[in-house]
Amino acid sequence: MLNIAITGASGRMGRALIQAVEANEQTALTVATVSPSSSLAGSDAGEVAGIGKTDVPLTTHLKEGLDKADVVIDFTTPEATLAHLSQLAGSNTAIVIGTTGFTDAQLAELNAYAEQLPIVFAANYSVGVNLSLQLLRTAARVMGEEADIEILEAHHRHKVDAPSGTALRMGEAVAETLGRDLSQCAVYGRQGQEGPRDKDTIGFATVRAGDIVGEHTVLFASEGERLEITHKASSRQTFARGAVRASLWLSGRDKGLYDMEDVLGFRSG
């Protein structure tokens, strides 16, 4: 049985993770944390997640529970994730990170922790999204030099970062395949008379509305035809189950930085 700690346990994703951990026969929830300002501190984690009593209270101190956890699952904020990594350093606990919105400096700090800890860090834990990255690389090899490439993404009104981490990862996969630098060729929204489209750019469009869980489309449009590769998530359980799968895979691994493509075996061989 793999013992799991969940940070940000009272949030939308935190509650989905509690449900996924408790539903999996190979995992057990042993620690669940909330921010120090949360009014839910002390409440039962299972009751907050809507699955009944688990006898795991919501606590505000991750470090105090590390002896009870084999893996931490963290879908919080960049600042909180880095604080959690500092608490994990030197311990025997691994971490699965689904937080997005890191700056380049924060990513460098996260990468440095991989010298001390086993880390899975992915923008998206959906199996379908990670399969789509493979399809996007194929499409880019076949059509990318001839096609205009646009990435459209939509999420719920509460999401704070844009474009989404998944959209950026899709853009990176396409750009890397084509030998381009996404930081140089990305266009984030258009307004006014910008002139004709530069064919080497990769465009991003963002929607924030309602309760959309997550939708991503990458468009390859050439003369006379277009290819659209789309993924739509209808439940956060998609991501939660993927994070639990990553936790099981990460258990016992050597320190280092992994991603969901490692977990799914896309890099093997």
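Note that these values count all heavy atoms, side chains included, but never hydrogens, waters or copies made by symmetry.
Within 6.0 Å of CG on D211 lie no more than 12 heavy atoms contributed by other residues, nucleotides or ligands. Shown here is N92, whose CG atom has no more than 12 heavy atoms of other residues, nucleotides or ligands within 6.0 Å. E79 CD: more than 12 foreign heavy atoms inside a 6.0 Å radius. For CZ of R12, the number of neighbouring non-hydrogen atoms (other residues, nucleotides, ligands) closer than 6.0 Å is greater than 12. Residue E146 qualifies as open at atom CD: its count of foreign heavy atoms under 6.0 Å is 12 or below.
Between atom CD of residue E22 and atom CD1 of residue I4 there is a gap of 9.5 Å, rounded to the nearest 0.5 Å. Here OG1 of T217 is found 7.5 Å from CD of E215. Values are rounded to the nearest 0.5 Å. The distance from atom OG of S183 to atom CG of L168, rounded to the nearest 0.5 Å, is 11.5 Å. Q19 contributes atom CD, which lies 8.0 Å from atom OG of S235 (distance to the nearest 0.5 angstrom). Note that CG of L135 and CG of L131 are 5.0 Å apart. Values are rounded to the nearest 0.5 Å. With values rounded to the nearest 0.5 angstrom, M143 atom CE is found 12.0 Å from L136 atom CG.
A salt bridge links D200 with R180: at least one charged nitrogen is closer than 4.0 Å to a carboxylate oxygen. Classification of E261 and R169 as a salt-bridged pair holds, one side-chain N sitting under 4.0 Å from a carboxylate O.
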Would you sort out whether V174 and R137 count as a side chain to side chain contact (heavy atoms under 4.5 Å, CB included), showing the intermediate values? CA-CA 6 Å; V174 170; R137 292 185 180 100; over 6 Å; no
Could you walk me through whether R15 and V48 pass the side chain to side chain contact (heavy atoms under 4.5 Å, CB included) test, one step at a time? CA-CA 7 Å; R15 294 193 300 268; V48 170; 4.2 Å; yes
For I149 and L219, what are the C-alpha separation, side-chain angles and deciding distance, and is it a side chain to side chain contact (heavy atoms under 4.5 Å, CB included)? CA-CA 6 Å; I149 304 168; L219 172 69; over 6 Å; no
Start with the C-alpha gap between V127 and R245, add the side-chain angles, then the distance that decides, and say whether side chain to side chain contact (heavy atoms under 4.5 Å, CB included) holds. CA-CA 10 Å; V127 172; R245 180 171 178 170; 3.7 Å; yes
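Under the 4.5 Å side-chain contact rule for hydrophobic residues, V56 and L62 do not share a cluster. Note on V21 and M13: same hydrophobic cluster, where clusters join Ile, Leu, Val, Met, Phe, Trp and Tyr whose side-chain heavy atoms are under 4.5 Å apart, directly or indirectly. In terms of hydrophobic clustering, with Ile, Leu, Val, Met, Phe, Trp and Tyr side chains grouped at heavy-atom distances under 4.5 Å, L58 and L29 are assigned to different clusters. Cluster annotation: V213 and V207 are assigned to distinct hydrophobic clusters (Ile/Leu/Val/Met/Phe/Trp/Tyr, side-chain heavy-atom contacts under 4.5 Å, transitive). Residue V263 is not grouped with residue L257 when hydrophobic side chains (ILVMFWY) are merged at heavy-atom distances under 4.5 angstrom, including chains of intermediate members.
With S251 contributing its side chain and L248 its backbone, the two residues share no donor-acceptor pair below 3.5 Å. The main-chain N or O of H158 is found under 3.5 Å from a side-chain atom of H156 such that the two form a donor-acceptor pair. Side-chain N or O atoms of S38 include none that pairs as donor or acceptor with a backbone N or O of V34 at under 3.5 Å. With hydrogens and angles disregarded, a donor-acceptor distance shorter than 3.5 Å links the side chain of S126 to the backbone of G128. Side chain of E153 to main chain of T206: no donor-acceptor pair is present (N/O by atom type, distance under 3.5 Å, no hydrogens or angles). Between the D259 side chain and the D262 main chain, a donor and an acceptor come within less than 3.5 Å of each other. The backbone N or O of A209 sits nowhere less than 3.5 Å from a side-chain atom of R157 that would complete a donor-acceptor pair. At least one donor-acceptor pair under 3.5 Å links the side chain of R197 to the backbone N or O of T201.
At a cut-off of 3.5 Å, with distance as the only test, no side-chain donor of N3 or T30 sits close to an acceptor on the other residue. Checking D74 against T99 by side-chain atom types alone, a donor-acceptor pair falls below 3.5 Å. Looking only at atom types and distance, the side chain of T7 has no donor-acceptor partner in the side chain of T76 under 3.5 Å away. With hydrogens and angles left out, the side-chain atoms of T93 and D70 include no donor and acceptor closer than 3.5 Å. When only modelled atom types and interatomic distance are considered, S164 and T166 share no side-chain donor-acceptor pair under 3.5 Å.
Taking every heavy atom of both residues into account, E150 and F204 meet most closely at OE1-N, 4.4 Å. T54 and D44 get closest at one heavy-atom pair: N-OD2, 2.9 Å. The two residues D254 and P118 have their closest heavy-atom pair at O-CB, 3.7 Å. Across all their heavy atoms, L17 and A243 have their closest contact at CD2-CB, 3.9 Å. Annotation for I18 and I6: closest pair N-CD1, 3.5 Å, computed over non-hydrogen atoms. Closest approach of Q116 and G90 over heavy atoms only: OE1-N, 4.2 Å.
Put simply, the side chain of V120 does not reach to within 4.5 Å of the side chain of I97, judged on heavy atoms. Taking 4.5 Å as the limit, every side-chain heavy atom of L227 sits out of range of all side-chain heavy atoms of V142. Between E64 and L66, every side-chain heavy-atom pair lies at or beyond the 4.5 Å cut-off. Using a 4.5 Å heavy-atom cutoff, the side chains of E115 and K255 are not in contact. Residues H155 and H216 form a side-chain contact, since some pair of their non-hydrogen atoms from C-beta on lies under 4.5 Å apart. Annotation: side chain of L250 is not in contact with side chain of S247 (no heavy-atom distance under 4.5 Å). By the 4.5 Å heavy-atom criterion applied to side chains, P78 and T103 are not counted as neighbours. Side-chain atoms of Y258 and I119, non-hydrogen and from C-beta on, never get closer than 4.5 Å to each other.
Taking the six-membered ring wherever Trp is involved, the centroid distance between the rings of F102 and F121 falls below 6.0 Å. Ring centroid separation for the pair Y125 and F239 does not come in under the 6.0 Å cut-off.
Partner of V244 under the side chain to side chain contact (heavy atoms under 4.5 Å, CB included) criterion, out of V71, L2, T27: T27 alone.
The cationic group of R253 lies under 6.0 Å from the six-membered ring centre of W249 and within 45° of the ring axis, placing it in a cation-pi geometry.
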